[in-house]
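Numbers for residues simply follow the sequence, beginning at 1.
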Amino acid sequence: MKLFIAEKPSMAAELAKCLPGPLVRKDGYIETGGGVVTWVFGHILRQAEPGEYDEKYKKWRAADLPIIPAEWKLLVADSCMKQFNIIKTLIGKAAEIVHAGDPDREGQLLVDEVLGYTHNEKPVMRILVNALDEKSIKKALTNLRSNQDFFNLNQSALARSRADWLVGMNLSRAFTLAAQSAGHDITLPIGRVKTPTLALVVRREREIKNFKAADYFLIKADIKHENGPFKASWKAKEEQLGRDSEGRLVDPVIAQALIEKLEKAQEDVSIVSCDTNEKKEPQRLPFSLSALQVLAGKKYGYDPQAVLTGVQNLYEKKLTSYPRSDCDFLPESQKADATVILANLRNSHQEELAIWSGKADIKIKSRAWNDKKITAHHAIIPTEVPCKINTLPEIERNLYFLIAQAYVAQFYPVHVYNQTRAELEYAGEDFVANGRVIVTMGWKELYGGEVKEEEDEDSKTLPNMQKGDKADFISATLEKKTTKPPVRFTSSTLLQAMKEIHKYVKNPELKKHLKDVSGIGTEATRASIIKELTVRSFLEEKKKYLYPTESAYLLIDALPEELTYPDSTAIWEIIFNRMVEGKAELNSFIGQQTEFITSLCLKAKEVQIENKDANVVKCPRCKQGVLKLRNGKNGTFWGCSRFPECRGTCNDKDGQPQL
């Protein structure tokens, strides 16, 4: 018997339909003429809690930290026990097993861990299903690979899972105990990804609160060339006085003196240089999940979790490909499917998609078609299943539109324009003018005003001129501007920050290497991490903007920078990627994490956490903990919150410590 183990029941049902009949539904599996199909419910095995390794760990004590399992233990989740036993029985009867987890790191692990837990020694093949339509599944069935080929992906997933356990179980205990020693009645949940994510919001809020607006000045000149008028911007020389550290002109007296100087001068404007270069913008890439979440957040105001749910629904309706993709590219073999997909879009009952698809040129091959860029999955695109877009719920309709729009854009020409930059000199001052002329609208025809350049000098048309030409100075204007504070994060922009985490890394050398890493967290977990921070009252959402709560400030201020800046987490993401390539070892990584966790547990014992509560009384013995009312054999008394490190006590008198 051939046994297929799918990641979820919906996937199992679609897979069974593509196997030879007859199909017979049983309790927990489906019999077909081509084998038996069963399923898990995500992770039906869970990592053991510290107290399940040793009873003593059920009580939180700093002396027990760090907790490092000698052998990692998995347990069957209570809610999944029945299905696990069904799978275990089927594995025992199988001659061959097909691993049908989702084509990513977690999908690999959650079936592998069941096979490992049941001590399976049967041969295992791997099927990679990127879409649930019949054609995609049948094609995948003819391209089974040995599951051993994905051993490195499994190791990467194990590394992430174990690193998260070590951080969460040890550091949450260590810093919670430190906070409670200072008199705070709080639990501080610490996570490898969620803590630096929360820190981004806390730091941004402090930047806003500490922001002081500053005025600065821009000087614009109206110039008249024989071929037409244009505007130019004043450019400060290196030695120019009156500028701030950012190079902005901030001295109003100097600014006004420059205007007067320009108005008084009696000379021609000299064109020092004028260069025109043809520029090309390639087609916008199709979407990874994060890219879709960010754009849908900006355009429709959808939060990341709603986008994930919506695109998951489209996937299960077989209308779009695998949703949790971290890839923006497409396999070259799938370009042949474009004829059918574009024909479907012409009949999608959506006017714009119909028009755009009708004008698409299937002979065009954009940069998106690149086998070298494909990982376990490809970008999210429409499948060959026809879609009547007007029958979909609103969020699914809008998401399908964005996905289809980006797909059609691959069959439009590149956007071509001529960029001109002119440098000018007048009255001893330098000016610059930029302009562009569109040569070929190309794929931007699909996006209209959404990607239209801002109305600034870069998008204006300049008259035809050459180096050495003379022009007339007409007038100069002084524009007063005011600096603006940073903008608060929304769920979408915070998710984008997690994906582009290299921008927030302190180490300049590390920052260079991180541009090719897809941030912290995974496509599937980023939205849930932001939601968890909100549900647990570390973030508040007001009018779509995220604000840190007092608990967030307490947590971030209590922690060392190793946990609040993304540098360490980002290094881990690099190592996870290297594991997939077979260039890093799981045991070596866990050894490094053990040292890291041990050092941070020691730091937690020394950390000083402020308590602003006026009613809190410091321990007179150690001066670090606070006195807390306790019940003893001889009645109530006050003891130090740092017990057993400090055994300071005093009597109780009318509910107050008798110092």
K.L.:
Which donor-acceptor pairs under 3.5 Å do the side chains of residues 532-546 make with protein atoms, sequence neighbours left out?
P.N.:
residue : atom : partner : partner atom : Å
E532    : OE2  : K194    : NZ           : 2.9
T534    : OG1  : I530    : O            : 3.1
K544    : NZ   : G301    : O            : 3.1

K.L.:
Calculate, to the nearest 0.5 Å, the distance between atoms CH2 and CD1 belonging to W39 and I87 respectively.
P.N.:
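Reported value, rounded in 0.5 Å steps: 9.0 Å.
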K.L.:
Could you pull out all residues at least two apart from A48 that satisfy side-chain contact (heavy atoms from CB on, under 4.5 Å)?
P.N.:
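Partners of A48 by the side-chain contact (heavy atoms from CB on, under 4.5 Å) criterion, ordered by chain and then number, come out as E52, Y53, K73, L75.
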K.L.:
May I ask you to test the D567-E561 pair for a side-chain heavy-atom distance under 4.5 Å?
P.N.:
no
K.L.:
Would you call K499-E523 a salt bridge at under 4.0 Å N-O?
P.N.:
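Answer for the salt bridge query: yes.
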K.L.:
Whether R46 and D78 form a salt bridge (side-chain N of Lys/Arg under 4.0 Å from carboxylate O of Asp/Glu) is what I want to check.
P.N.:
no
K.L.:
Less than 4.5 Å apart, any side-chain heavy atom of I520 and any of E573?
P.N.:
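Side chain of I520 against side chain of E573, heavy atoms only: contact under 4.5 Å found.
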K.L.:
Report yes if some heavy atom in the side chain of V167 is under 4.5 Å from a heavy atom in the side chain of I190; otherwise report no.
P.N.:
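Contact flag for V167/I190 side chains = yes.
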K.L.:
At their closest point, which heavy atom of S528 faces which heavy atom of Q305, and how far apart are they?
P.N.:
N-OE1, 3.6 Å
K.L.:
So R630 and W638, do their side chains get closer than 4.5 Å, heavy atoms only?
P.N.:
no
K.L.:
Mark yes or no: R203 above the aromatic ring of Y565, with NZ or CZ under 6.0 Å from the six-membered ring centre and no more than 45 degrees from the axis.
P.N.:
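Yes, a cation-pi geometry holds between R203 and Y565.
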K.L.:
Looking only at heavy atoms, what is the nearest atom pair of F41 and C80, with distance?
P.N.:
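Nearest pair, atom of F41 first, then C80: CD1-SG, 4.3 Å.
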K.L.:
Would you say the side chain of F150 lies within less than 4.5 Å of the side chain of S156, judging by non-hydrogen atoms?
P.N.:
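Heavy-atom side-chain distance check fails, nothing below 4.5 Å.
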K.L.:
Give the ring-plane orientation class for Y322 versus Y315, where under 30° counts as parallel, over 60° as perpendicular and anything between as tilted.
P.N.:
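Geometry flag for Y315 against Y322: perpendicular rings.
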K.L.:
For residues G101 and R126, report the shortest heavy-atom separation together with the two atoms involved.
P.N.:
O-NH1, 2.8 Å
